[in-house]
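Notes to accompany the following structure.
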Amino acid sequence: MPRPIQARIDLSAVQHNYLVAKQQASVSDSAAKAWAVVKADAYGHGLRRVAESLRGIADGFALLEIEAAVALREAGFRQPILLLEGFFEPVDVPVCAKYGLTVAIHRIEQLHMIRAAALPLPLPIYIKLNTGMNRLGFTQEQIPALRQELARNTAVGPATLMMHFAEADGVRGIDWQLERFHRMTDGWDLPVCMANSAAILRYPLTARDWVRPGIMLYGASPFAEISAESLGLRPVMTLGSRILAVQEIQPGERVGYGGTFEASRPSRIGIVACGYADGYPRHAPSGAPILVNGRRTTTVGRVSMDMLACDLTDIPDAGVDSPVVLWGEGMPADEVAAAAGTISYELFCALARRVPVVEVGL
Ligand SMILES: *Cc1c(COP(=O)(O)O)cnc(C)c1O
């Protein structure tokens, strides 16, 4: 038998969450199209299975690994596919054209490379504008040169204006970026794509022509203070395992490497078959929430490579073989992430290859 750890991926939840994004992005009677963001192996959930669950449903797929985009095409996906960082080298351009990819353009040199590639058909592009994230994109000062290049570049096909929000989940919000966007695009009549999950949920008026939901597809919340459940989202990944052993310890006894947890009462400690080599965050301190036998308790001591410990003192019916949920159904990944000082995105992406995956729900 393999170790009892397992990641269950509920593909019906992906479909449900995608439709929540679509519905949220329908303001008055205009419905935005939605790129299903499947970068980083669909946030650790498995690109192929997530794409498969959206095969007849998604308007398009967005990612940034060219090989993954090509793999989707070769698996028969006909929707538009958007490369969120565009391409990296001139040799990539004919590949993008051959596989019908849409490319984000964030530097003028990428337009020169397209022009130099002598493509049989114009390449559809997303023009990435830097409105304050200061990661990728053209600034206000670069717009005249950009528009000049676009006006004479016949190798470029239909264009969409794209930007990314830095604080759609925070107090500063989006108005300051929208104002810059409008200044930069004044008199430029092209389709617009700006909203990530946080903007879709909090500012549906930003939906415009296309939206880019990522984390919400996987059933986690982009907001620190709002649960995924209250947003109508369903968890996709449930990381489950079992109790391998139970230790009965006296007050003053410690648990795990470094002895960072010391019992203050007679305690029953459950040892769970899950550690940082499975993707559980090692920096999660004692007190991270965990579900045993369907009941909430907390982790104790340091996370080891293959095991972690939890307090079973108040769950007398729990023992060896009791089922554990590290995150997912019944134990929101967002809460575990918060306890570990990170975000659910990182937990999902860190799921280790050694963890067996089971697909359900299709
Ligand atoms: C990852 C990404 C998204 C999705 O963001 P979420 O917060 O996961 O919804 C959208 N747009 C771009 C450019 C991205 O890189």
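For ligands, and for the atoms within them, numbers begin at 1 and follow the listed sequence. Note that the structure is predicted; figures quoted are calculated from it, not measured. Residues take their numbers from the sequence shown, with the count starting at 1.
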To the nearest 0.1 Å, how far is [atom] from its closest protein heavy atom, and which atom is that?
atom	answer
atom 4 (C) of ligand 1	Tyr43 OH, 3.4 Å
atom 9 (O) of ligand 1	Ser197 OG, 2.5 Å
atom 7 (O) of ligand 1	Tyr345 OH, 2.6 Å
atom 11 (N) of ligand 1	Arg212 NE, 2.8 Å
atom 1 (C) of ligand 1	Lys39 NZ, 1.4 Å

Kindly confirm or rule out an N or O of [X] lying under 3.5 angstrom from an N or O of ligand 1.
X	result
Pro213	no
Ile215	yes
Lys128	no

Heavy-atom distances under 4.0 Å decide this one: backbone, side chain, both or neither, for Met216 against ligand 1?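 The answer is neither.
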His164 and ligand 1 - part of the residue with a heavy-atom distance under 4.0 Å: side chain
Would you mind running through ligand 1 and noting each atom that sits below 4.0 Å from a heavy atom of Gly214?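 That gives atoms 4 (C), 6 (P), 8 (O), 9 (O) of ligand 1.
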How are the rings of Trp35 and Tyr126 set relative to one another: parallel (under 30°), tilted (30 to 60°) or perpendicular (over 60°)?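 It falls in the perpendicular class, over 60°.
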Ring-plane angle category for Phe77 and Phe61, please: parallel below 30°, perpendicular beyond 60°, tilted otherwise. perpendicular
Does ligand 1 have an atom under 4.0 Å from some heavy atom of Trp35?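 For ligand 1, residue contact (heavy atoms, under 4.0 Å) with Trp35 is absent.
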Pairing donors with acceptors under 3.5 angstrom, does anything connect the side chains of Thr297 and Asp311? no
Give a yes or no on whether Glu262 atom CD has more than 12 heavy-atom contacts from other residues, nucleotides or ligands under 6.0 Å away.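 More than 12 within 6.0 Å, yes.
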Step through the shown structure and confirm whether more than 12 heavy atoms of other residues, nucleotides or ligands are within 6.0 Å of CG on Asp317. yes
Which pairs with one or both residues in residues 80-100 pass ring pair (Phe, Tyr, Trp, His ring centres under 6.0 Å), sequence neighbours excluded? none
Please list all pairs meeting salt bridge (charged side-chain N to carboxylate O under 4.0 Å, His left out) that have one or both residues in residues 136-150, counting only residues at least two apart or in different chains.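 Qualifying pairs: Arg115-Glu149, Glu149-Arg152.
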Just one of Gln177, His182, Arg180 clears the side-chain hydrogen bond (donor to acceptor under 3.5 Å, both in side chains) bar with Thr131, so which one? Gln177
